[in-house]
Amino acid sequence: MKIVVGSDHGGFNYKNKIIEYLKNNNIDYIDIGTYSTDSCDYPVIARKAAEKIINGEAQRGILICGTGIGMSIAANKVKGIRAAHCTDTFSAKATRAHNNSNILCLGERITGECIALEIVDTWLKSEFEGGRHERRVNQIEEL
Ligand code: RB5
């Protein structure tokens, strides 16, 4: 499984921490930027990540901005993307199990670093349950 990772300036520090986590756990990743704390536009990064998933270059993605909300709003505009903004590990597990989320969004200005890394760990290790949830995910795809 390859993970595409992206942030704007508001999520730049967490992007580096998450990349460190991925390296330590031998998880393949693509870093699509941003590459400094200079101000940039989160929809551009969200779109780039979403496209990598839709075209098969990556299977899942992690996007970080100041709140995690802008990234999730933008990524969810792309058909086939199910981006979940999480601030706790219960949601991280449930959104994989029930929504088959393919992008995790985090807010560097909202969620503490240790919790954010636990959310990443939980989300990456959680699997989609299918069954009745598959029907519901298909209904989302038809919207
Ligand atoms: C950037 O200042 C900020 O708006 C962005 O990181 C994010 O929080 C948007 O939702």
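Every number for a ligand or one of its atoms is a count from 1 in the order of the listing.
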Quick one: ligand 1 N/O to protein N/O pairs below 3.5 Å?
unit_1	atom_1	unit_2	atom_2	d
ligand 1	2 (O)	Arg109	NH1	3.4
ligand 1	6 (O)	Asp8	OD1	3.4
ligand 1	6 (O)	Asp8	OD2	2.6
ligand 1	6 (O)	Gly66	N	2.8
ligand 1	8 (O)	Gly66	N	3.2
ligand 1	8 (O)	Thr67	N	3.0
ligand 1	8 (O)	Thr67	OG1	3.3
ligand 1	10 (O)	Thr67	OG1	3.3
ligand 1	10 (O)	Gly70	N	3.0

Below 4.5 Å, heavy atoms only, C-beta onward: do [X] and [Y] meet side chain to side chain?
| X | Y | value |
| --- | --- | --- |
| Ile18 | Leu106 | yes |
| Ile53 | Gln59 | no |
| Phe128 | Glu134 | yes |

>> Looking at Glu108 and Lys15, is any side-chain nitrogen of the basic one under 4.0 Å from a carboxylate oxygen of the acidic one?
In response: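 Salt bridge: no.
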> Can you pull the ring pair (Phe, Tyr, Trp, His ring centres under 6.0 Å) pairs that have at least one residue in residues 10-30, sequence neighbours excluded?
Replying inline: none
> Is there a chain of hydrophobic side chains (I, L, V, M, F, W, Y, each step under 4.5 Å between heavy atoms) that links Val4 to Leu63?
Replying inline: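 Per the 4.5 Å side-chain linkage, Val4 and Leu63 are co-clustered.
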